[in-house]
Amino acid sequence: MVLASFSPLSSVARLGARSSAFQSRRFLAQAVSATPKIQDQAKASSYKVVVVGGGSAGLAVASTLSETLGSKAVAVIEPSDVHYYQPLWTFVGAGLKTFDESKMAMSEVMPEKAQWIKDSVASFDPKKNTVTLANGESISYDYLVVAAGIQVNWGKIKNLPETLGKNGVTSNYSPNSVEKTDEFIKAFKGGNALFTMPSTPIKCAGAPQKIMYLAEEQWRKAGIRTKTDIKYFTGLGKIFAIDKYANELLKICKARNLNVNYFTDLAEIRPDSKEAVFNVLGGEAKGTQLTLSYDFLHVTPPMGAPEFIKSSPLSNADGWVDVDKETLRHNKFQNVYALGDCSSLPTSKTAAAITSQSAVLKNNLLGDIFGDKQVAKYDGYTSCPLITGSDKLILAEFSGYTGQPQETFPFDQSKERLSTYLLTKEIIPEIYWKSMVKGTWDGPGKYRKLFRSA
Ligand SMILES: Cc1cc2nc3c(=O)[nH]c(=O)nc-3n(C[C@H](O)[C@H](O)[C@H](O)COP(=O)(O)OP(=O)(O)OC[C@H]3O[C@@H](n4cnc5c(N)ncnc54)[C@H](O)[C@@H]3O)c2cc1C
């Protein structure tokens, strides 16, 4: 029953009210797009709204905006031919889904009424309302939405780029190596298995450990667990930010003999001797290095703000697009918004968070365009499905702003369950492709109210 209520079709129907609000604005939009200004703009590479990035966040926003504002009013600047549903990569790395299921041609998911500019943004000039593309062309806008994701800094770990995908070294964080994770887990014959998580912000902070639980299960089933030593290294001081879930995860690690180490950041891989070198960031050994041999090494690389944002007037001191944490509007430039992994929003960076963020952003940006003063506010909602086996999962849902759980279902989500596993593996991907990238899924907030008020 619970799962059935999550079907994409019912979600679309339940979102009817919001869609019709957006659609009523479409009449107004016809008037807007009929003005010479917009038509001239289209010819002169100028748009009512320019969206930078056609990932999870960019498409969720561009779909609704282009539907509401009409053809040629919205451009999406996106260099990639392929759109990935990255949350599936944990399943792909464990051989529970195929890589093909995680991807779609960009042309298939790009909103029909949006103009796809197949290039990268090289720089921003928010005072002139323009962005410059890698090919040197300038694009101007009335409103800008930045949704360019996080930058994965492979090169910050010595020897990682040349080692990745070889001799037991892998990562679920790259489309080029995620299938290697499955291959290496299956080929493993026992020995030292290391899993790492950096001290930097990353996308999906649970993914570095999810793959450890899935690998451990496979090695147990293959009868090699007794000759396998599994260690988890995190650059942070906790296994998970929210205590309610961290406590359960620690119990699982203890029961399954998974050795958790804090304040240890992978710095170097020595492929010839098959050694991993860690910087110790805290405790008595702070400032020293720890060297361990490995037979299997799953790396979560350091990540950070994209360089082209960091060097722009849009960034805050840490390089993220500097937006108000509730309205998602830029703190200096009123016609600029940002969401998703590249934004300064102080919550955990996930696709789930984007479901709430995109609804708020669309409301507020369309409000600017149509003079609607009802401001929506983002509450920091995010979620991390902590897969702990091939039939169970802890569904962490919380606000990154309050640090408190914000669970949808009327049961304790910190307990491992088959139902939430199936929801994450089979139903949420459907919602993603059929509803989220089409702009009609704004997260489980409505269901939470329903279940929690019952
Ligand atoms: C292994 C793994 C597991 C995960 N598991 C989960 C999970 O279980 N649940 C969950 O909710 N989330 C999960 N995530 C996180 C989720 O995938 C991201 O948070 C989400 O994709 C972020 O969306 P985004 O649009 O901000 O960035 P992305 O989806 O990464 O999209 C950014 C887009 O911007 C484009 N771009 C980059 N630079 C430029 C430029 N200069 N100009 C124009 N375009 C540019 C890129 O090509 C890309 O298409 C996981 C991620 C990984 C890698």
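Indexing begins at 1, ligand by ligand and atom by atom, following the structure's order.
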- Item | Nearest-contact summary for atom 31 (O) of ligand 1 - protein heavy atom, Å | Gly55 CA, 3.2 Å
- Nearest neighbour of atom 42 (N) of ligand 1 from the list Val121, Asp81, Val82, on a heavy-atom basis: Val121
- Distance-only, no hydrogens or angles: does the Asp412 side chain make a donor-acceptor pair with backbone N or O of Ser414 under 3.5 Å? yes
- Item | Any donor-acceptor pair under 3.5 Å from Arg329 side chain to Gln334 backbone | yes
- Could you check atom 45 (C) of ligand 1 against the protein and tell me its nearest heavy-atom contact, residue, atom and distance included? Pro79 CD, 3.8 Å
- Query: Judging by distance only, is a nitrogen or oxygen of Ala351 under 3.5 angstrom from one on ligand 1?
  - Reply: yes
- Message: With a 4.0 Å cut-off on N to O distance, would you call Lys97 and Glu426 a salt bridge?
- Response: yes
- Please confirm whether the backbone N or O of Ser356 pairs with a side-chain atom of Asp442, one donor and one acceptor, at under 3.5 Å? no
- Message: Quick one, Ile157 with Val299, criterion side-chain contact (heavy atoms from CB on, under 4.5 Å). Give me CA distance, side-chain angles, the key distance, then yes/no.
- Response: CA-CA 10 Å; Ile157 293 177; Val299 181; 3.9 Å; yes
- Query: If we only count N/O pairs under 3.5 Å, is Asp341 in contact with ligand 1?
  - Reply: yes
- Query: Does ligand 1 have any atom sitting under 4.0 Å from a heavy atom of Ala147?
  - Reply: yes
- To which of Ala205, Ser343, Cys204 does the heavy atom nearest atom 6 (C) of ligand 1 belong? Cys204
- Counting from 1, what ligand 1 atoms have a heavy atom of Ala148 closer than 4.0 Å? 32 (C), 34 (O), 36 (N), 37 (C)
- Message: Show me which atoms of ligand 1 lie under 4.0 Å from any heavy atom of Val52.
- Response: 42 (N), 43 (C)
- Query: Does the pair Glu248/Lys415 count as a salt bridge with the N-to-O cut at 4.0 Å?
  - Reply: yes
- Query: So does Lys238 pair up with Asp243, basic N to acidic O under 4.0 Å?
  - Reply: yes
- Could an N or O of ligand 1 be found under 3.5 Å from any N or O of Ala207, whether backbone or side chain? no
- Query: Just by modelled atom types, is the Val74 backbone N or O under 3.5 Å from a matching donor or acceptor in the Gln115 side chain?
  - Reply: no
- Task: Run the ring-centre check on Phe411 versus Phe409 and record whether the distance is less than 6.0 Å.
- Result: yes
- Message: I'd like to know if Lys244 and Glu407 make a salt bridge, using a cut-off of under 4.0 Å between side-chain N and carboxylate O.
- Response: yes
- Subset of ligand 1 atoms that lie under 4.0 Å from at least one heavy atom of Gly340: 26 (O)
- Query: With a 4.0 Å heavy-atom cut-off (strictly under), which part of Phe308 contacts ligand 1: side chain, backbone, both or neither?
  - Reply: side chain
- Item | Polar side-chain atom of Ser177 near backbone of Lys180 as donor-acceptor pair, under 3.5 Å | no
- Task: May I ask you to decide if Ala122's main-chain N or O and Ser120's side chain share a donor-acceptor pair within less than 3.5 Å?
- Result: no
- Task: Using a strict cut-off of less than 4.0 Å between a Lys/Arg side-chain nitrogen and an Asp/Glu carboxylate oxygen, indicate whether Lys48 and Asp142 qualify as a salt bridge.
- Result: yes
- Message: Test your reading of the model: is there a side-chain donor-acceptor pair from Asp324 to the backbone of Thr327, 3.5 Å cut-off?
- Response: yes
- Query: Which of the atoms of ligand 1 are close to Lys349, meaning less than 4.0 Å from one of its heavy atoms?
  - Reply: 19 (O)
- Sub-3.5 Å N/O-N/O distance, Gln86 and ligand 1: yes
- Looking only at protein heavy atoms, which one is nearest to atom 47 (O) of ligand 1, and how far off is it? Glu78 OE2, 2.8 Å
- The protein heavy atom nearest to atom 25 (O) of ligand 1 is Ala57 N, 2.9 Å
- Item | Student check: side-chain heavy atoms of Lys325 and Tyr401 closer than 4.5 Å | yes
- Is the closest heavy atom of Gln151 to ligand 1 under 4.0 Å? no
- Item | Min N/O separation Pro385 to ligand 1 under 3.5 Å | no
- Item | Polar contact flag for Ser56 and ligand 1 (N/O pairs, less than 3.5 Å) | yes
- Message: Heavy atoms only: which of Gly58, Ala353, Pro87 lies closest to atom 13 (C) of ligand 1?
- Response: Pro87
- Select one of side chain, backbone, both or neither to describe which atoms of Ile354 lie under 4.0 Å from any atom of ligand 1, heavy atoms only. side chain
- atom 27 (O) of ligand 1: closest protein heavy atom, distance to 0.1 Å, is Gly149 CA, 3.3 Å
- Message: For the 3.5 Å polar cut-off, considering only N or O atoms, please tell me whether Ser80 and ligand 1 meet it.
- Response: no
- Note on the structure: If you compare Val76, Asn172, Thr181, Ile77 by their heavy atoms, the one closest to atom 1 (C) of ligand 1 turns out to be Asn172
- Which segment of Lys210 sits under 4.0 Å of ligand 1 when only heavy atoms are counted: side chain
- Please say whether Ser120 places an N or O atom under 3.5 Å from an N or O atom belonging to ligand 1. no
